[in-house]
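The structure under discussion appears below in the form of structure tokens.
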2 protein chains.
Amino acid sequence: MSEQTPRRASGGRKTDRKGPTKGERTRATILDAATELFSRSGFHAVSLRDIAAHAGLTHAGLLHHFPGKEDVLIKVLGRRDRADAALLWAPDAGERPEALLDAIVRIVHRNMATPGMVGLYVKISGEAADPEHPAHDYFVQRYRVLREALTRAFADLFARPDPPLHHDAGIVAGQFLALMDGLQTQWLLEPEAVDMHASVVAFLRQLGLTLELSAEPAPPTPATSEPSSPVPPAKEPHDTDRP
Amino acid sequence: MSEQTPRRASGGRKTDRKGPTKGERTRATILDAATELFSRSGFHAVSLRDIAAHAGLTHAGLLHHFPGKEDVLIKVLGRRDRADAALLWAPDAGERPEALLDAIVRIVHRNMATPGMVGLYVKISGEAADPEHPAHDYFVQRYRVLREALTRAFADLFARPDPPLHHDAGIVAGQFLALMDGLQTQWLLEPEAVDMHASVVAFLRQLGLTLELSAEPAPPTPATSEPSSPVPPAKEPHDTDRP
DNA sequence: GTCTATAGAAAGATAGAC
DNA sequence: GTCTATCTTTCTATAGAC
């Protein structure tokens, strides 16, 4: 029954509304595999052969879809950050700054359910300190965007209480990101030794902020193995493609 | 004339008071080179040939002094941590818990003067999350020791003010280490974007602690290139040697 | 779109001369 | 203590058949 490529009816598939191409599905599978392996062992320690084997093809087949190893990495990172952005600036977040705190605590829980992805960011952001690293610019940009967004949100939050809190929102934004990253490093090394949720909540309390969600909101994803990706393959916002 | 071992007068050079052997000097040079290269590019991305060339010998020559690449890494890490330990628990630190805050701020400044070593720890601690990584156990142990020491110190500090502060010293210890690590990650990516000194001081203030040294204490090491090592080659306290 | 086959470079490690 | 030479493995990437 060689009923291959069953449904490519309407020609060039440009405005086709039906599901992903086989190529797109393969690329997604490759990115899933790369995500898992990079997460486990970093960038340099993982070979294209490893990724390809894990995705069910050969390394030559993989290179048909991606020009090189670095491109795979950039795509993996982009996919995850699009997911985080969707969580952080969800439509309902609108103008309520405390919605950001909600979202952040949600992300902490999501992270605790996906140690592999956490490991990926810890490892790659470490490697990326080298200006020669393929993901260097990516991470510089990433932290810039996150710091700016958090600075605005914290500034709003500090202005709200009576009396207002006197913190430097910019400093706190950097502190907060640093806290999350650093906690993850310790948590990956020894999960029982660090309570990421308690530490983050305590930090916000130390600032004088009051949280309504202090009680354990029960993470929606108690899975221990990576659920592929929370985001469907979508158009890249910041493109690093080379034709 | 098989009059070998020319000057080993007093037996096996055990209580010999004169300077380091040639071999010891070579090993120190190798560790300096490895430190610099691991700092710049991490563990996996650096080859023994790179290190050897940088130290002025061949990779075979290097392997005469170290059994393998992993051993070089462990020795590099051990040397730095012995230096930090000397700073953190200096003799004068005795029983004054605020001496620890002094020492911590000093370490922040030392770090800002040695971005290479900071990069080493950021990179290797990221890679070491993998239980297979040669430095995994080392880092687990390292964070355990640091958290315990900081927990005791913070507990003392919180009990001191009138009225005492009500923080969980264990949580704060983890937060503090996380803050330092995370700030370094951002600082390495974009040094102008993060003020490590201000962020750390602000954190201690957010806790309600008052510092006498708030004003810039002028780091004693304004150097930009690594000064080899602040600690002379000494007997390893935690030995990982294999004969 | 995926494969086999292979090129070409570089890795960690060892043997033995000097 | 350091070298040259070499072994063995593994890597990224390319060429071309199917």
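Owing to the predicted nature of the structure, the values given are computational and were not obtained by experimental measurement. The chains referred to below are lettered A, B, ... by the order of the sequence lines, with proteins before strands, and numbering in each begins at 1.
Aromatic ring centroids of A:Phe38 and A:Tyr121 lie 6.0 Å or more apart.
Counting only residues at least two apart or on different chains, no ring-ring contact (aromatic ring centres under 6.0 Å, His included) pair has a member in residues 56-82 of chain A. Residue pairs meeting the salt bridge (charged side-chain N to carboxylate O under 4.0 Å, His left out) criterion with at least one member in residues 116-139 of chain B: none, sequence neighbours excluded. For residues 41-53 of chain B, the side chain to side chain donor-acceptor pair (under 3.5 Å) pairs, not counting sequence neighbours, are B:Ser47-B:Asp50.
The interatomic distance linking B:Leu73 (CG) with C:dG12 (C1') rounds to 15 Å, in whole Å. Summarising the geometry, the separation between CG on B:Leu37 and P on C:dA11 is reported as 12 Å, rounded to the nearest angstrom. As rounded to whole Å, 11 Å separates atom P of C:dG1 from atom CZ of A:Arg25. Remark: P of D:dT2 and CD of B:Glu24 are 13 Å apart, rounded to the nearest angstrom. The distance between atom NZ of A:Lys69 and atom P of D:dT14, rounded to the nearest whole Å, is 15 Å. Atom CD1 of A:Ile51 is separated from atom P of D:dA13 by 11 Å (rounded to the nearest Å). Summarising the geometry, the separation between NE2 on A:His44 and C1' on C:dA10 is reported as 14 Å, rounded to the nearest angstrom.
Taking for each of A:Asp50 and B:Arg49 the nucleotide of DNA chain D with the nearest heavy atom, the 5'-most of the two is the partner of B:Arg49.
Applying the side chain to side chain contact (heavy atoms under 4.5 Å, CB included) rule to B:Ala153 yields the partners B:Leu100; only residues at least two apart in sequence or on another chain are considered. Applying the salt bridge (Lys or Arg N to Asp or Glu O under 4.0 Å) criterion to B:Glu190, with sequence neighbours excluded, gives A:Arg144, A:Arg147.
At D:dT10, none of the side-chain N or O atoms of A:Ser47 fall inside 4.0 Å of OP1 or OP2 (strictly under the cut-off). Phosphate contact (OP1/OP2 of C:dT2, side-chain N/O of A:Thr26, threshold under 4.0 Å): present.
When each of A:Asp32, A:Thr35, A:Ile30, A:Ile124 is paired with A:Val76, the side-chain contact (heavy atoms from CB on, under 4.5 Å) condition holds for A:Thr35 and for no other.
The nucleotide whose nearest atom lies closest to any side-chain atom of A:Lys22 is, among C:dA13, D:dC11, C:dT2, C:dT2.
At the heavy-atom level, B:Val72 lies nowhere under 4.0 Å from the strands shown.
Applying a 4.0 Å cut-off to non-hydrogen atoms, the residues of residues 57-65 of chain A that approach DNA chain D are A:His59, A:Ala60, A:Leu63, listed by residue number.
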